[in-house]
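The block underneath contains the structure these notes are about, expressed in structure tokens.
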Amino acid sequence: MGNKNSDKLKGKMNSYMRWPFYLIPVWIIVAAISVCINPIASLIICVGGIVYTVFAFIMYLRFKPSITRRLVNFGAQYSQVQRQMLHDLDIPYGLIDEEGQFMWSNIQLQELLNKNELSGQNIINLFDEIEQSDFAFEGEERREKIIHVKENEYRVIFKQFALKEKSDDTEVEKAISEKSEFIAVYFFDYTLVAQLKKENNDEKSILGTIVIDNYDEVLEKAEAARRSTTIGYLDRKITNYFANYDGIVRKIDNDKYFVTFKNQYLNRIQSDKFSLLDQVKEIGARNEIDVTISIGLGCGGDSYHANAELASTAIDLALGRGGDQAVLKNGNKVSYYGGKSRSVQKNSKVKARVMATAFREMMLTKGDVYVMGHHIGDNDSFGAQVGFYRIAKTLGKNVYIVMGEMSSSVQPLIEMFKESDDYTDDIIISGDQALDQIQSDDVLIVVDCSRQSYTECPRLIDKAETVMYLDHHRQREDVIDKAELTYVELSASSSCEMVAEIMQYINEVIRMSKQEANILYSGIMMDTNNFTRRTGVRTFEAAAYLRRKGADIATVHKAFRNDLGDFKAKAASISNAEIYKDVFAISVCDGDADSPTLVGAQVANELLNVKDVKASFVLTPYNKQIYISARALDNMNVQVMMEEFGGGGHMTLAGAQVKGATIEEVTKDLKKLIDKKIKEGEI
């Protein structure tokens, strides 16, 4: 303790030793009183008082040095014991200054580092995982960090305190003479706790669902003799795969399996990149059928029920992205694996009939209808809006098309739409107007988009009581979660194709104008690049339906023509294209174009016509963002690449928008991503 405390202790002991002298005045008072009562008694009291005083002085003078000496010895021994206890504390402990220099350390800390003396050494140099910022408190009372020393794990606690009084230890006093702020460092062995936590985490169960993507098509295409054999192969392959990871698989439906395994095997399955996906496709190839599966796994929840919900969301995402992939949902984190196959073209129109009826019933029970597409609407988005406009009009509803900024290719379609007999000036409105008009009993239909942040007016989705959406793009985890009705068909070429099918099964006679038929037809042409990409039987059936409704191919082709500025910008971008790694075409579209994003998409399409090019990427600076248009051939997946930039799309047609970056930075990041995918064997 400091000198002040020693002085206090000394004063108290003096009081205790002098208390006999405090009785002398009592003797005097008693003697004075007794004189008045009995002189003889007074004399006896006086003599007794004198004897008591003399005896007290003798005892005080004789025993004071001895008592003082014993107290000093006790204090010294107590201080030594206290210091020894601190020095021998079973927890590694030390004192450092604000720079990290050790001022003092106990034996345990010295033994931990195999050093006899730590004074003057910096803790940052002694522990690789500790940095200066670890003990920069910034208003906090303490900081802690997990580090590794040899084979053990330690929880290091840094606690700051101020030394208010000087020590009576000469060595310490000298060391701290210029210091007032210190940091106590405690090292708690965390090895056993970490081991138990790991064991507990490893024992947690991961729940999942496996779905055969095209079960009906497999049975339909396979010969009768091969059907049971093929399904048997699939069952054994799935069961044996997870048996290698101590997993349990149970078939719960003809095309669905339940699976569970321990969390300790998850890293191995991830490192294996879910090779079960490829093994299943090999079974299909041997049996001359196109069979794929989707896997949805959930973990990281607080309970089995939470993990089951995560697994359900994961399988929905896997199916919504076209199948042939595995989706792992670990809490809020989503990881994707596979997805290298194109979505299976489905000839059955059962789903289209069901969805047509659902859309019809929903619109009939609601008030006005609002139709909205994605930001910077294109031909497909606007065409789908016009299609739902005609359906709602046929059902006797007031309809509003919500639009804002659009690509230049849409402008001719809008002028064409205005030539329709039913057109009025209040049909096409802005997002702000829709926010002011929409009522609680109205319905909002979102087309060609399922992500709220990508729509023309995200706030309109929040305000609308009833929301439905229709889309043909691969789904992301941030889909519109409040939608009461969703129709996602990844095998469809475009949203206009899906709307054209709904028109045929709406149970009403749709009387559309030639202009409206042309607009829907142009949407299909745009997304299929003049019927050369992503086309199936149903694509041409939808086109034939629109032709019967009056669509004129020559008129649509005229609407697709570029003006001279766009044509020059397109030519310049193609001529400046760079071939990276022999098969990737990368270009920048920054010319004088009315609609640079549209020109960029056209350039990306054109670059695929270059020999040996398997994928093309065109970067377009527009509205303080970098728009990426990505295109690929069937054996390349650009959708998963665009997801790295926050975008999405289809396997062979995708895009993204990058904010806060330059063309050079995005190009560099794109090349790094390509290198990474090549190294990982994904492309």
Side-chain angles (χ1 to χ4, degrees), residues 1-3 5 74-204 263-264 267-268 271:
M1 302 296 290
N3 294 333
N5 289 338
F74 173 78
Q77 291 174 6
Y78 176 80
S79 179
Q80 291 176 3
V81 170
Q82 189 180 41
R83 292 175 184 175
Q84 190 64 35
M85 288 176 63
L86 183 61
H87 204 266
D88 295 340
L89 187 65
D90 201 32
I91 299 173
Y93 167 78
L95 286 177
I96 62 174
D97 62 15
E98 295 174 338
E99 302 299 324
Q101 298 287 341
F102 269 105
M103 309 300 297
W104 177 87
S105 62
N106 68 351
I107 295 176
Q108 296 295 332
L109 183 56
Q110 295 169 12
E111 291 179 350
L112 178 65
L113 295 172
N114 291 326
K115 293 181 179 294
N116 295 326
E117 182 59 49
L118 294 178
S119 297
Q121 300 193 49
N122 198 299
I123 192 172
I124 299 174
N125 299 329
L126 296 173
F127 299 94
D128 295 334
E129 296 174 87
I130 295 180
E131 302 173 350
Q132 183 77 40
S133 59
D134 292 329
F135 46 87
F137 293 91
E138 299 178 355
E140 298 176 298
E141 293 183 359
R142 54 185 284 168
R143 301 284 295 273
E144 62 179 73
K145 184 176 187 178
I146 302 296
I147 68 169
H148 297 81
V149 182
K150 301 176 183 177
E151 297 180 354
N152 293 336
E153 194 169 331
Y154 285 85
R155 183 166 64 99
V156 183
I157 295 179
F158 300 91
K159 189 172 182 180
Q160 190 177 34
F161 67 91
L163 189 66
K164 299 179 180 179
E165 300 174 1
K166 288 188 176 181
S167 172
D168 57 353
D169 186 288
T170 306
E171 182 180 351
V172 175
E173 183 177 358
K174 181 179 179 181
I176 67 175
S177 58
E178 298 179 357
K179 302 287 183 180
S180 59
E181 298 290 336
F182 293 90
I183 301 170
V185 188
Y186 304 86
F187 293 76
F188 294 94
D189 195 335
Y190 199 67
T191 307
L192 181 58
V193 176
Q195 181 180 349
L196 293 175
K197 287 180 66 175
K198 182 179 182 303
E199 291 178 358
N200 180 62
N201 186 61
D202 289 344
E203 291 297 316
K204 290 182 178 179
N263 192 51
Q264 68 185 91
N267 288 335
R268 288 174 53 188
S271 300

Asp189: which residues meet the salt bridge (charged side-chain N to carboxylate O under 4.0 Å, His left out) condition with it, sequence neighbours left out? none
Is it the case that the side chain of Asn122 and the backbone of Glu99 share a donor-acceptor pair, with hydrogens and angles ignored and the cut-off at 3.5 Å? yes
Give the minimum heavy-atom separation between Lys150 and Glu111, together with the two atoms involved. NZ-O, 4.4 Å
Give me the atom names and distance for the closest heavy-atom approach of Leu95 to Ala184. CD2-CA, 4.0 Å
Do the non-hydrogen side-chain atoms of Val193 and Arg155 ever get within less than 4.5 Å of each other? no
Rounded to the nearest 0.5 Å, how far apart are CG of Leu109 and CZ of Phe187? 5.5 Å
Check: His148 main-chain N/O paired with Glu129 side-chain donor or acceptor under 3.5 Å: yes
Do the two ring centres, one from Phe127 and one from Tyr154, sit under 6.0 Å apart? no
Any residue meeting ring-ring contact (aromatic ring centres under 6.0 Å, His included) with Phe102, in chain and number order, not counting sequence neighbours: none
Close side-chain approach of Gln121 to Leu113, heavy-atom, < 4.5 Å: no
Nearest atoms (heavy-atom pairs only) where Asp97 meets Ile183: O-CD1, 3.9 Å
What one should report as the nearest heavy-atom pair of Ile146 and Glu153 is CG2-OE2, 3.1 Å
Hey, can you tell me if Tyr93 and Tyr186 have their rings parallel, tilted or perpendicular (30° and 60° cut-offs)? tilted
Can you check whether Phe158 reaches Ile130 side chain to side chain, under 4.5 Å on heavy atoms? yes
Can you find a heavy atom in the side chain of Lys197 that is under 4.5 Å from one in the side chain of Asn201? no
Less than 4.5 Å apart, any side-chain heavy atom of Ile91 and any of Gln108? no
Is the shortest side-chain heavy-atom distance between Asn152 and Leu112 below 4.5 Å? no
